[in-house]
Amino acid sequence: LSSFIHTISPYIPPGLLLCVASAFIVGGKYLSFWRNEFIGTLLMVSFTFSAGKWVGIDSQNVAWLSHFIGVVAADYIGGGQHVNP
């Protein structure tokens with residue numbers, strides 16, 4: 001396991017590696033909860049952090065509108081407000 005982690009660590013952000021490793025605490029007892037939270041976090045980050053960075057670069061109003069739509073979409077797809085990281 002140690003050699004595997006040393007092999008992949010240059011290619012994967014350290015926070016993501018630790019996050020995935022935490023999914024298997026207590027023999028995977030909380031894996032279903034971890035999966036729901038991880039998917040919710042991915043939805044929230046991908047839908048809301050694009051505003052201003054890729055969408056609405058030239059217009060603050062467009063960026064805020066994109067962020068608003070992203071938050072609503074992430075909450076709706078994720079099943080509620082519990083997807084906020």
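Note: hydrogens, waters and symmetry copies are ignored here, and every other heavy atom, side chains too, is used.
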Trainee: Quick check for you: to the nearest 0.5 Å, what is the distance between Ile8 atom CD1 and Leu16 atom CG?
Mentor: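 Nearest 0.5 Å value for the CD1-CG distance: 9.0 Å.
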Trainee: Tell me whether Leu42 is reachable from Val20 by hopping between hydrophobic residues (I, L, V, M, F, W, Y) whose side-chain heavy atoms are closer than 4.5 Å.
Mentor: yes
Trainee: Using the six-membered ring wherever Trp is involved, compare the ring planes of Phe38 and Trp34 and label them parallel, tilted or perpendicular (cut-offs 30° and 60°).
Mentor: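 Ring orientation, 0 to 90° scale: parallel.
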Trainee: Please report the interatomic distance CD1(Ile57) to OG(Ser66), rounded to the nearest 0.5 Å.
Mentor: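 Ile57 CD1 to Ser66 OG: 10.5 Å, rounded to 0.5 Å.
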Trainee: Tell me whether Trp64 shares a hydrophobic cluster with Ile69, the cluster being built from Ile, Leu, Val, Met, Phe, Trp, Tyr side chains joined at under 4.5 Å.
Mentor: no
Trainee: How long is the span from the CG atom in Leu31 to the CD1 atom in Ile25, to the nearest 0.5 Å?
Mentor: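 With rounding to 0.5 Å, CG (Leu31) is 11.0 Å from CD1 (Ile25).
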Trainee: As an exercise, state the distance from CD of Glu37 to OG of Ser22, rounded to the nearest 0.5 Å.
Mentor: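 Those atoms lie 11.0 Å apart.
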Trainee: Look only at the side chain of Thr7 and the backbone of Ser3, and say whether a donor-acceptor pair between them is shorter than 3.5 Å.
Mentor: yes
